[in-house]
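Everything below concerns the one structure shown next.
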Amino acid sequence: MKKRILVTGGAGFLGSNLCEKLLNLGHEVICLDNFFTGKKENILHLTDRPYFEVIRHDVTMPYFIEVDEIYNLACPASPIQYQFNAIKTIKTSVMGSINMLGLAKRIHAKILQASTSEVYGDPEVHPQKEDYWGHVNPIGFRSCYDEGKRCAESLFFSYHRQNNVKIKVLRIFNTYGPRMDQDDGRVISNFIVQALNNKDISIYGDGSQTRSFCYVDEMVEGMIRFMDSKDELTGPMNMGNPVEFTIHELAETVIRLTDSKSKLVFKPLPDDDPLQRQPDISMAKNELNWEPKITLEDGLLKTIEYFKSIINLGI
Ligand code: NAD
Ligand code: UDP
């Protein structure tokens with residue numbers, strides 16, 4: 001059935017990949033974005049499609065539209081970008097959620113929140129399961145993002161309990177792939193761009209901290225499966241690739257795959273940088289039959305091709 005779907009943050013990395021997939025499935029898609037970290041280039045190739053609309057709007061302000069589903073992705077996601085204006089980041093998560101939940105309540109739409117593994121902070125249990133409450137510094141530099149997203153989760157469950165809003169709370173773990181912003185400071189984009197330019201690879205700390213990386217196509221597929229699942233399945237649900245790598249291993253792999261002459265340089269570890277992170281995805285496996293299959297090497301090769309193409313275009 002053709003649905004009308006609102007994607008906030010639709011011009012960003014994940015949002016633009018999601019908009020494209022939803023259009024390909026035959027839906028009508030409205031992409032709402034204030035272009036803080038998103039780019040027109042991410043969605044230019046979609047703008048001549050008749051069932052695609054773009055709206056410049058900030059989610060901290062109310063917005064009204066009639067849709068069947070809302071994917072609420074608006075929020076800067078990279079540490080550099082979300083710390084650039086910490087107050088605005090909190091407002092985007094909290095007021096953005098209030099506005100979108102209010103809309104969902106009024107028009108009886110289903111709403112999915114792009115929450116994050118950051119709600120677990122620097123976790124004391126490993127791997128992280130959905131019933132772990134987290135270990136977050138409430139006043140640290142990352143707290144504008146972590147606590148904003150935690151408050152958003154609280155709002156989602158309150159609207160669900162009090163107003164019967166149909167919610168889906170998805171805790172996304174590190175995701176990468178084409179249309180990542182090359183300047184947003186995230187580890188995969190940094191390492192690939194540095195390697196392609198034969199510049200030093202910047203490892204923060206000694207590189208022993210771990211992350212697990214999910215390729216974007218698989219994340220988008222999981223998001224849609226979750227949205228389409230039975231109403232009782234509210235989450236919170238982890239989604240990500242459970243295969244864990246150290247940042248040092250990632251750097252070596254990127255150098256090898258790009259055939260780069262780059263050297264590793266070690267820089268100070270940012271405050272509150274989580275030491276390890278790995279999702280327990282048994283809920284997504286059992287409930288959605290979802291599990292990542294694309295290996296880090298295969299996903300990196302596709303992402304390297306993308307960065308080569310935009311570096312050549314000078315974007
Ligand atoms: P991104 O920065 O590429 O995309 C975010 C989008 O939201 C951008 O297009 C930006 O312009 C828009 N935006 C920001 N503030 C806004 C506002 N006030 N009003 C309207 N639009 C606004 O980041 P992404 O990686 O695509 O992340 C998308 C969502 O997924 C975010 O909510 C993020 O927290 C979440 N997430 C992403 C990851 C990841 O690894 N990529 C991991 C966990 C959670
Ligand atoms: N990182 C790094 N070099 C970089 C960028 C990031 O070593 O140029 C590290 C960072 O300190 C963190 C990990 O890579 O331990 C992942 O960082 P990212 O900003 O991509 O995401 P997050 O910390 O939110 O998982």
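Worth knowing before you read on, the calculation uses all heavy atoms, side chains too, and leaves out hydrogens, waters and symmetry mates. No experiment lies behind these values; they were computed from the predicted model shown. Counting starts at 1 for both ligands and their atoms, following the listed order.
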Protein contact to atom 43 (C) of ligand 1 [nearest heavy atom, distance to 0.1 Å]: Ile172 O, 3.1 Å
Shortest reach to atom 11 (O) of ligand 1 by a heavy atom, considering only Val119, Asp33, Thr92: Asp33
Neighbour count >12 (heavy atoms, 6.0 Å) for atom CD, Glu249: yes
Contact (N/O only, under 3.5 Å) between Leu32 and ligand 1: no
Ionic contact status for Asp298 with Lys293, cut-off 4.0 Å: no
Protein residue, atom and distance nearest to atom 7 (O) of ligand 2, heavy-atom basis: Tyr204 N, 2.8 Å
Minimum non-hydrogen distance to atom 41 (N) of ligand 1, winning option of Lys149, Met95, Arg186: Arg186
Polar contact flag for Ala74 and ligand 1 (N/O pairs, less than 3.5 Å): no
Asn174: numbered ligand 1 atoms lying under 4.0 Å from its heavy atoms: 40 (O)
Check ion pair Glu287-Lys230 (N to O, under 4.0 angstrom): yes
Atoms in ligand 2 with a heavy atom of Arg277 nearer than 4.0 Å: 22 (P), 25 (O)
Tyr51 six-ring centre to Lys2 NZ/CZ under 6.0 Å and within 45° of normal: yes
Part of Glu118 with heavy atoms under 4.0 Å of ligand 2, whether side chain, backbone, both or neither: side chain
Polar proximity ligand 1 side, Ser115 side, N/O cut 3.5 Å exclusive: no
Ligand 2 N/O within reach of Asn190 N/O, cut-off under 3.5 Å: yes
Gln194 heavy atom under 4.0 Å from ligand 2: no
Geometric N/O contact Thr175 with ligand 1, under 3.5 angstrom: yes
Greater than 12 external heavy atoms within 6.0 Å of His45's NE2: yes
Connected via hydrophobic side-chain network under 4.5 Å: Ile255 and Leu301: yes
Which segment of Gln209 sits under 4.0 Å of ligand 2 when only heavy atoms are counted: side chain
Atom 37 (C) of ligand 1 - nearest protein heavy atom and its distance: Leu14 CD1, 3.8 Å
Under-4.0 Å heavy-atom contact with ligand 2, by part of Ser202 that carries it: both
Nearest atoms (heavy-atom pairs only) where Ser208 meets Asp206: OG-OD1, 2.7 Å
Geometric N/O contact Tyr145 with ligand 1, under 3.5 angstrom: yes
Protein heavy-atom partner closest to atom 11 (O) of ligand 2 - residue, atom, separation in Å: Asp273 OD2, 2.7 Å
Atom indices of ligand 1 within 4.0 angstrom of Gly9 heavy atoms, with elements: 6 (C), 7 (O), 9 (O), 12 (C)
Numbering as shown, the atoms of ligand 1 that approach His57 to under 4.0 Å (heavy-atom distance): 19 (N), 20 (C)
Location of contacts on Val187 toward ligand 2, heavy atoms closer than 4.0 Å: both
Heavy atom of the protein closest to atom 13 (C) of ligand 2 (residue, atom name, distance): Ile247 CD1, 3.7 Å
Main-chain N/O of Gln128 paired to Asn238 side chain as donor or acceptor, under 3.5 Å: yes
Side-chain H-bond candidate by donor/acceptor type, Thr37 with Gln81, under 3.5 Å: no
contact_flag Ser117 ligand 2 heavy-atom lt 4.0 Å: no
Polar contact flag for Gln81 and ligand 1 (N/O pairs, less than 3.5 Å): no
Leu44 reachable from Leu14 in the ILVMFWY side-chain graph, under 4.5 Å edges: no
Ala11 to ligand 1, any heavy atom closer than 4.0 Å: yes
Gly12-ligand 1 polar pair, N/O distance under 3.5 Å: yes
Ser229 and Lys168: side chain donor to acceptor below 3.5 Å: yes
Verify same cluster id: Val94, Ile87 (apolar side-chain graph, 4.5 Å): no
Ligand 2-proximal atoms of Arg142, by part, heavy-atom distance under 4.0 Å: side chain
Interfacing atoms of ligand 1 (cut-off 4.0 Å, heavy-atom, Phe35): 11 (O)
Hydrophobic cluster membership, Phe84 vs Val59, 4.5 Å side-chain cutoff: no
Donor-acceptor pair between Thr210 and Gln278 side chains, under 3.5 angstrom: no
Carboxylate-amine/guanidinium proximity below 4.0 Å for Glu20 and Arg179: yes
For Ala77, atoms of ligand 1 separated by under 4.0 Å from a heavy atom: 2 (O), 23 (O), 24 (P), 25 (O), 27 (O), 33 (C)
Under 3.5 Å donor-acceptor, His160 side chain and Val165 backbone: yes
Hydrophobic cluster identity match, Ile281 and Tyr132, side-chain contacts under 4.5 Å: no
Under 3.5 Å side-chain donor-acceptor pair for Arg106 and Asn163: no
Ligand-residue contact atoms, ligand 1 with Gly38, heavy atoms, under 4.0 Å: 8 (C), 9 (O), 10 (C), 11 (O)
N/O separation below 3.5 Å, Asp58 to ligand 1: yes
Among Val220, Asp217, Val29, the one residue meeting side chain to side chain contact (heavy atoms under 4.5 Å, CB included) with Lys21: Val220
For Arg186, atoms of ligand 2 separated by under 4.0 Å from a heavy atom: 19 (O), 20 (O)
Closest protein heavy atom (residue, atom, distance) for atom 2 (O) of ligand 1: Thr37 OG1, 2.6 Å
Heavy atom of the protein closest to atom 21 (O) of ligand 2 (residue, atom name, distance): Asn174 ND2, 3.6 Å
Non-hydrogen side-chain atoms of Glu69 and Lys166 separated by less than 4.5 Å: no
Close N or O approach (Leu73, ligand 1; < 3.5 Å): yes
